[in-house]
Amino acid sequence: MHIVDGVVHVSFAGGGVFLPARSVADRNRVEATVQDRMRVTDRVQVLSGGQRWEVRRVHAMQPIECHGCGTVTDSACFGDGVVFCVACALIAPDEAKRHLDLTGWDEV
């Protein structure tokens with residue numbers, strides 16, 4: 001599926017939502033939506049600008065540090081041995097894309 005630039009599709013078990021992603025405020029709303037869904041599910045998929053992001057819950061006993069900002073995260077975007085927090089992956093996508101090539105939704 002190709003998503004129009006400036007629109008993000010957040011999908012999760014049982015549904016999904018399309019959100020605008022043209023400004024920092026929009027991307028903050030996307031991050032909040034992802035974080036909200038992560039409270040009730042173990043993974044969320046985000047399609048944005050032809051990129052597929054898979055966000056997975058991190059086990060509390062195995063904290064993971066974000067490659068971008070260094071904070072410890074409980075919901076992270078994984079790939080190629082690099083981990084980003086949701087904020088770095090979604091709010092700074094150009095930086096994250098240079099480091100991150102996520103696996104497909106069905107491959108996990």
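Looking at R37, its side chain never comes within 3.5 Å of a backbone N or O of V44 through a donor-acceptor pair.
In this structure, the side chains of S75 and Q35 come closer than 4.5 Å at one or more pairs of heavy atoms. A heavy-atom distance below 4.5 Å is found between the side chains of M38 and V55. Two residues are said to be in side-chain contact when any heavy atoms from C-beta on lie closer than 4.5 Å; E54 and Q45 fail this criterion.
D26 pairs by the side-chain contact (heavy atoms from CB on, under 4.5 Å) definition with P20, R22, S23, R29, not counting sequence neighbours. For V72, the side-chain contact (heavy atoms from CB on, under 4.5 Å) partners are P63, not counting sequence neighbours.
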### Task
Could you give me the CA-CA distance, side-chain angles and deciding distance for L19 and V7, then say whether side-chain contact (heavy atoms from CB on, under 4.5 Å) is met?
CA-CA 6 Å; L19 297 166; V7 176; over 6 Å; no

### Task
Determine, step by step, whether L47 and V8 satisfy the side-chain contact (heavy atoms from CB on, under 4.5 Å) criterion, reporting the C-alpha distance in whole Å, the side-chain angles of both residues, the deciding distance to 0.1 Å, and the verdict.
CA-CA 6 Å; L47 300 176; V8 171; over 6 Å; no

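Annotation: the span from T41 atom OG1 to D36 atom CG amounts to 12.0 Å, rounded to 0.5 Å. The line from NE2 of H67 to CZ of F84 is 5.0 Å long, rounded to the nearest 0.5 Å.
The two atoms that bring C85 and C66 nearest to each other are N-SG, 3.2 Å, heavy atoms only. For the pair H59 and M61, the tightest heavy-atom approach, listed with the atom from each and the gap, is ND1-N, 2.9 Å.
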